[in-house]
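The structure appears right after this line, and notes come after that.
Quick caveat: nothing in here was measured; it's all calculated off a predicted structure. All ligand and atom numbering here is 1-based and tracks the order in the structure.
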Amino acid sequence: MKLNNPTILASGIMDEDAGSMVRIVDSGVGAIVTKSIGLTAREGYPNPTLIELDYGILNAMGLPNPGIEDYNKEIKKLKNSNIPIIGSVYGKDINEFVKLGQKMQKYGVDAIELNLSCPHAKGYGLEVGADPHLVNEITAKVKEATEIPIFVKLSPNVTNIVEIAKAAENARADAIVAINTVKAMKIDLDVKMPILSNAIGGYSGKAIKPIGIRCVYEIAKSIDIPIIGVGGVTTGEDAIEYFMAGASAVQIGSGIYYRGINVFKKVCLEIETWMKNHNYKHLSEIIGVVHT
Ligand SMILES: Cc1cc2nc3c(=O)[nH]c(=O)nc-3n(C[C@H](O)[C@H](O)[C@H](O)COP(=O)(O)O)c2cc1C
């Protein structure tokens, strides 16, 4: 898959409908990942579902989405976008992932991202993504049933992320996406209760970048397929750090909150400036450089 630039919109941020995705396309992003979509509509959790903390954002949205049939309308509106559209899906078992993968392909996306990593959606996240055998089986079956690239998105909330990345690679995944949010919680001292309605959520943004970098570094040491780095990218230098750890591209989610929808353009400019100042001509000279 060829991208105009190495920045990709991460799943779940401004990608629930075509209107906001078109705005992101116009702002210079290299590719888009859709909100994670399931077989049927899901309301998500009641508010509060998101809170800004000192160094990041804590959310437990509960995977709200209209279901795959309705989401087709949004994908159709992106037909003229001229950048790759990656359809993110979540399911509770192999059959659901296979059906969702086939539908996404039929609706015209360029690749499928398997969300095996939501930290707070009971039955749809870590229960599938923390088991290397299940990750291997889901990836293999979706791969068998489809013809477009399959990306596997992993969670940092596991003991051994490398084992899970290898299980996906062995099942012929085309790329690994690391990482989803970090399981976390915030308590309101006055009311003596967790702030999120779901109590536990996923932490994203600046605070999780070192965790993402560590995961990409460990995975890159053990697998050969491309890695897409995600977690806390807000500047060009954040992206360069992910490239050095072994990522070929980066996804940006919370960075939009900090720098607006032009974050993609800004990060690309900053990458170019950094490369010029350090006498690099091609990204390939930087990717995985810490491993040499
Ligand atoms: C509000 C919100 C909703 C999210 N929804 C999804 C989702 O539906 N599917 C998914 O794979 N990741 C989801 N994520 C995780 C992001 O795609 C990304 O992995 C994570 O936020 C780390 O990147 P960031 O620090 O750039 O935000 C969500 C994150 C946030 C903040």
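- Residue, atom and distance of the protein heavy atom nearest to atom 3 (C) of ligand 1 are Gly12 O, 3.5 Å.
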Exercise. Starting from the C-alpha separation in whole Å, work towards a yes-or-no answer on side chain to side chain contact (heavy atoms under 4.5 Å, CB included) for Leu283 and Met275.
Key: CA-CA 8 Å; Leu283 268 192; Met275 287 175 66; 3.8 Å; yes
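- Checking only distances, Ile13 never comes within under 3.5 Å of ligand 1, N or O to N or O.
- For the residue pair Tyr203 and Asn59, no side-chain donor N or O sits within less than 3.5 Å of a side-chain acceptor on the partner.
- Pairs engaging residues 206-250 under the ring-ring contact (aromatic ring centres under 6.0 Å, His included) rule: Tyr217-His291 [sequence neighbours left out].
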Practice problem: Test Lys186 against Leu196 for side chain to side chain contact (heavy atoms under 4.5 Å, CB included), laying out the working first. | Solution: CA-CA 8 Å; Lys186 169 80 183 159; Leu196 295 177; over 6 Å; no
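- Residue Gly231 approaches ligand 1 through these ligand atoms, each under 4.0 Å from one of its heavy atoms: 22 (C), 23 (O), 25 (O).
- Counting protein heavy atoms only, atom 14 (N) of ligand 1 is closest to Ser11 O, 3.2 Å.
- Considering backbone and side-chain N/O atoms, Lys35 comes within less than 3.5 Å of an N/O atom of ligand 1.
- A pairwise comparison of heavy atoms in Ile208 and Asn180 identifies CD1-O, 4.4 Å as the closest pair.
- Nearest protein heavy-atom contact of atom 15 (C) of ligand 1 is Asn180 OD1, 3.4 Å.
- The ligand atoms of ligand 1 that sit less than 4.0 angstrom from a heavy atom of Gly232 are 24 (P), 25 (O), 26 (O).
- Of the protein's non-hydrogen atoms, Ser204 CB, 3.2 Å is the one closest to atom 21 (O) of ligand 1.
- Checked against a 3.5 angstrom limit, the closest N/O atoms of Gly253 and ligand 1 fall inside it.
- Residue pairs meeting the salt bridge (Lys or Arg N to Asp or Glu O under 4.0 Å) criterion with at least one partner in residues 155-181, sequence neighbours excluded, are Lys143-Asp174.
- With Tyr107 as the aromatic partner, Lys76 does not meet the cation-pi criteria of under 6.0 angstrom to the ring centre and within 45 degrees of the ring axis.
- Where the criterion is an N or O separation shorter than 3.5 Å, residue side chain and backbone included, Ile208 fails it with respect to ligand 1.
- The shortest contact between atom 30 (C) of ligand 1 and any protein heavy atom is with Asn59 ND2, 3.3 Å.
- For ligand 1, none of its N or O atoms has an N or O atom of Gln251 under 3.5 Å away.
- The neighbour count for Tyr257 OH, taken as heavy atoms of other residues, nucleotides or ligands under 6.0 Å away, does not exceed 12.
- In this structure, Leu100 and Leu39 have side chains that are in contact, with non-hydrogen atoms separated by less than 4.5 Å.
- In this structure, atom 12 (N) of ligand 1 lies nearest to the protein heavy atom Lys153 NZ, 3.0 Å.
- With hydrogens left out, the protein atom closest to atom 23 (O) of ligand 1 is Val230 CG2, 3.4 Å, a heavy atom.
- Salt-bridge formation is not detected for the pair Lys276/Glu272: no Lys NZ or Arg NE/NH1/NH2 atom is positioned less than 4.0 Å from an Asp or Glu carboxylate oxygen.
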Self-check item: Worked verdict on Val250 versus Ile228 for side chain to side chain contact (heavy atoms under 4.5 Å, CB included)
Solution: CA-CA 5 Å; Val250 289; Ile228 298 167; 5.8 Å; no
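- In terms of polar-atom proximity, defined here as any N/O pair under 3.5 Å, Ser36 does make such a contact with ligand 1.
- At the shortest separation from atom 20 (C) of ligand 1 among protein heavy atoms lies Thr181 CG2, 3.7 Å.
- Near Ser254, meaning under 4.0 Å from one of its heavy atoms, ligand 1 places the atoms 24 (P), 25 (O), 26 (O), 27 (O).
- A donor and an acceptor atom, one from each side chain of Ser204 and Ser254, are located under 3.5 Å apart.
- The shortest N/O to N/O separation between Ile179 and ligand 1 falls below 3.5 Å.
- Contacts between Leu63 and ligand 1 below 4.0 angstrom, taking non-hydrogen atoms only, involve the side chain exclusively.
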